Amino acid sequence: QIIRWRPMGDDHGSDSFEWDLFLLAGNPGVHKEGLMAGSANIHPDNMFNSPDGIGFDEAGRLWIQTDGDYSNEKQFAGMGNNQMLCADPASGEVRRFLTGPVACEITGLTFTPDWRTLLVGVQHPGEEGAPSHFPDGGTAIPRSAVLRITRDDGGIIGA
């Protein structure tokens, strides 16, 4: 789950706050209702489990990274590998941005000062002998990497 906190009166010096549940990760493909289905902004095209890393960009978009169960079995059926999603805190919309290789964790994110390049970590692909050959393909031993992501048009990432 991701909880949103707001200081009372928008005063960050305040000693009290309001909060709400921004999203609850889940699998609406397996669970049709209840907490395990996720919140209303989670659907089969953006479902995930185990949000682990978050960050914001200059436009206020929330970037969510996962480190969860990638078995695609039982309650995790159809969820796929760990991933990174982008959410709009104002509307609640959540979209998948990237999906990692088998048995990895998507971790760490930073932008260049012009917001046109995003750096994202792919940690321990092929963990515990899972069939992954990232990043070289073939029979290479999987290894961690940092991805450099840019747009074809040179624009701001996420815009």
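Every heavy atom of this structure was used, including side-chain atoms; hydrogens, water molecules and symmetry mates were not. Just so it is clear, the model here is predicted, and its values are computed rather than measured.
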**Student:** Return the minimal non-hydrogen interatomic distance between Val94 and Ala87, and the atom names on each side.
**Tutor:**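 Nearest pair, atom of Val94 first, then Ala87: CG2-CB, 4.0 Å.
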
**Student:** Identify whether Leu98 and Val122 are in the same connected component of the hydrophobic contact network (ILVMFWY, side-chain heavy atoms under 4.5 Å).
**Tutor:**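 Yes, it is one cluster - the side chains of Leu98 and Val122 are joined through contacts under 4.5 Å.
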
**Student:** Counting only pairs under 3.5 Å, give me each side-chain donor-acceptor contact of residues 146-159, with atom names and distances, residues two or more places apart or in other chains.
**Tutor:**
from   : atom 1 : to     : atom 2 : distance (Å)
Arg151 : NE     : Asp153 : OD1    : 3.0
Arg151 : NH1    : Ile156 : O      : 3.1
Arg151 : NH1    : Ala159 : O      : 3.1
Arg151 : NH2    : Asp153 : OD1    : 3.3
Arg151 : NH2    : Asp153 : OD2    : 2.7
Asp153 : OD1    : Gly155 : N      : 2.8

**Student:** Would a hydrophobic clustering, with Ile, Leu, Val, Met, Phe, Trp and Tyr connected at side-chain separations under 4.5 Å, put Ile64 with Leu109?
**Tutor:** no

**Student:** What's the verdict on side-chain contact (heavy atoms from CB on, under 4.5 Å) for Val30 and Met36, showing C-alpha distance, side-chain angles and the deciding distance?
**Tutor:** CA-CA 9 Å; Val30 172; Met36 298 296 283; over 6 Å; no

**Student:** Measuring from Leu24:CG to Ile2:CD1, what's the distance to the nearest 0.5 Å?
**Tutor:**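 The CG atom of Leu24 sits 10.0 Å away from the CD1 atom of Ile2.
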
**Student:** Would you give the length of the straight line joining atom OG of Ser50 to atom CD of Gln65, rounded to the nearest 0.5 angstrom?
**Tutor:**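 Reported value, rounded in 0.5 Å steps: 13.5 Å.
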
**Student:** Taking the side chain from Asn46 and the backbone from His43, do they hold a donor-acceptor pair closer than 3.5 Å?
**Tutor:**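 Yes; judged by distance alone, with no hydrogens or angles, the pair exists.
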
**Student:** Could you pull out the closest heavy-atom pair between Cys104 and Pro125, with the gap in Å?
**Tutor:**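 The pair with the smallest heavy-atom distance is CB-CA, 3.8 Å.
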
**Student:** Output the distance between atom CG (Asn81) and atom CG (Asn72), rounded to the nearest 0.5 Å.
**Tutor:** 7.0 Å

**Student:** For the hydrophobic clusters of this structure (ILVMFWY residues joined by side-chain heavy atoms under 4.5 Å, transitively), does one cluster hold both Leu85 and Leu23?
**Tutor:** yes

**Student:** Looking at Ala77, is its backbone amide N or carbonyl O close enough to the side chain of Asn27 to form a donor-acceptor pair, meaning the two atoms are under 3.5 Å apart?
**Tutor:** yes

**Student:** Between CD of Glu93 and SG of Cys86, what distance do you get to the nearest 0.5 Å?
**Tutor:** 9.0 Å

**Student:** Is there a donor-acceptor contact under 3.5 Å from the side chain of Ser144 to the main chain of Gln123?
**Tutor:**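 No, because the side chain of Ser144 does not come within donor-acceptor range (under 3.5 Å) of the backbone of Gln123.
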
**Student:** Taking Arg4 for its side chain and Leu21 for its backbone only, find out whether a donor-acceptor pair lies under 3.5 Å.
**Tutor:**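 Looks like no, no N/O pair under 3.5 Å.
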
**Student:** With Phe17, which residues qualify under ring pair (Phe, Tyr, Trp, His ring centres under 6.0 Å), at least two apart?
**Tutor:** Trp5

**Student:** With no hydrogens and no angle check, is any side-chain donor or acceptor of Asn41 less than 3.5 Å from a backbone partner on Gly92?
**Tutor:**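 Judged by distance alone, yes, a pair lies under 3.5 Å.
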
**Student:** Are the side chains of Asp20 and Ile3 in touch, meaning some heavy atoms are under 4.5 Å apart?
**Tutor:** no

**Student:** His124 side chain to Ala103 main-chain N or O, any donor-acceptor pair under 3.5 Å?
**Tutor:**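 Flag set: sc His124 to bb Ala103 pair under 3.5 Å.
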
**Student:** Is it the case that over 12 heavy atoms from other parts of the model lie below 6.0 angstrom from the CG atom of Leu35?
**Tutor:** no

**Student:** How about Val120 and Phe97: do any of their side-chain heavy atoms sit closer than 4.5 Å?
**Tutor:** no

**Student:** Tell me every residue that passes side-chain contact (heavy atoms from CB on, under 4.5 Å) with Ser71, counting only those two or more places apart in sequence or in another chain.
**Tutor:** Asp69, Glu73, Phe76

**Student:** List for me each residue that meets ring pair (Phe, Tyr, Trp, His ring centres under 6.0 Å) alongside Phe111, sequence neighbours excluded, and say none if there are none.
**Tutor:**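 In terms of ring pair (Phe, Tyr, Trp, His ring centres under 6.0 Å), with neighbours along the sequence ignored, Phe111 is linked to Trp63, Trp115.
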
**Student:** Of all residues at least two apart in sequence or in a different chain, which pass the side-chain hydrogen bond (donor to acceptor under 3.5 Å, both in side chains) check with Arg116?
**Tutor:** none

**Student:** What pairs with Ala37 under side-chain contact (heavy atoms from CB on, under 4.5 Å), at least two apart in sequence or on another chain?
**Tutor:**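 Ala37 satisfies side-chain contact (heavy atoms from CB on, under 4.5 Å) with His31 only.
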
**Student:** Does any non-hydrogen side-chain atom of Pro89 lie less than 4.5 Å from one of Leu62?
**Tutor:**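 They are in side-chain contact.
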
**Student:** Treating Ile, Leu, Val, Met, Phe, Trp and Tyr as nodes and any side-chain heavy-atom pair under 4.5 angstrom as an edge, say whether Ile106 and Met79 lie in one connected cluster.
**Tutor:**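 Not linked; separate clusters.
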
**Student:** With the 4.5 Å side-chain cut-off for hydrophobic clustering, are Phe56 and Met84 part of the same group?
**Tutor:** no

**Student:** When you check the side-chain N and O atoms of Gln83 and Tyr70, is any donor under 3.5 Å from an acceptor?
**Tutor:** no

**Student:** In a check of side chain to side chain donor-acceptor pair (under 3.5 Å) between Asn82 and each of Thr66, Thr99, Thr107, which one passes?
**Tutor:**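 That would be Thr66; it is the only one of Thr66, Thr99, Thr107 passing the side chain to side chain donor-acceptor pair (under 3.5 Å) with Asn82.
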
**Student:** Got more than 12 heavy atoms from elsewhere within 6.0 Å of CZ, Arg95?
**Tutor:**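 Counting neighbours around CZ of Arg95, 12 or fewer heavy atoms of other residues, nucleotides or ligands fall under 6.0 Å, so no.
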
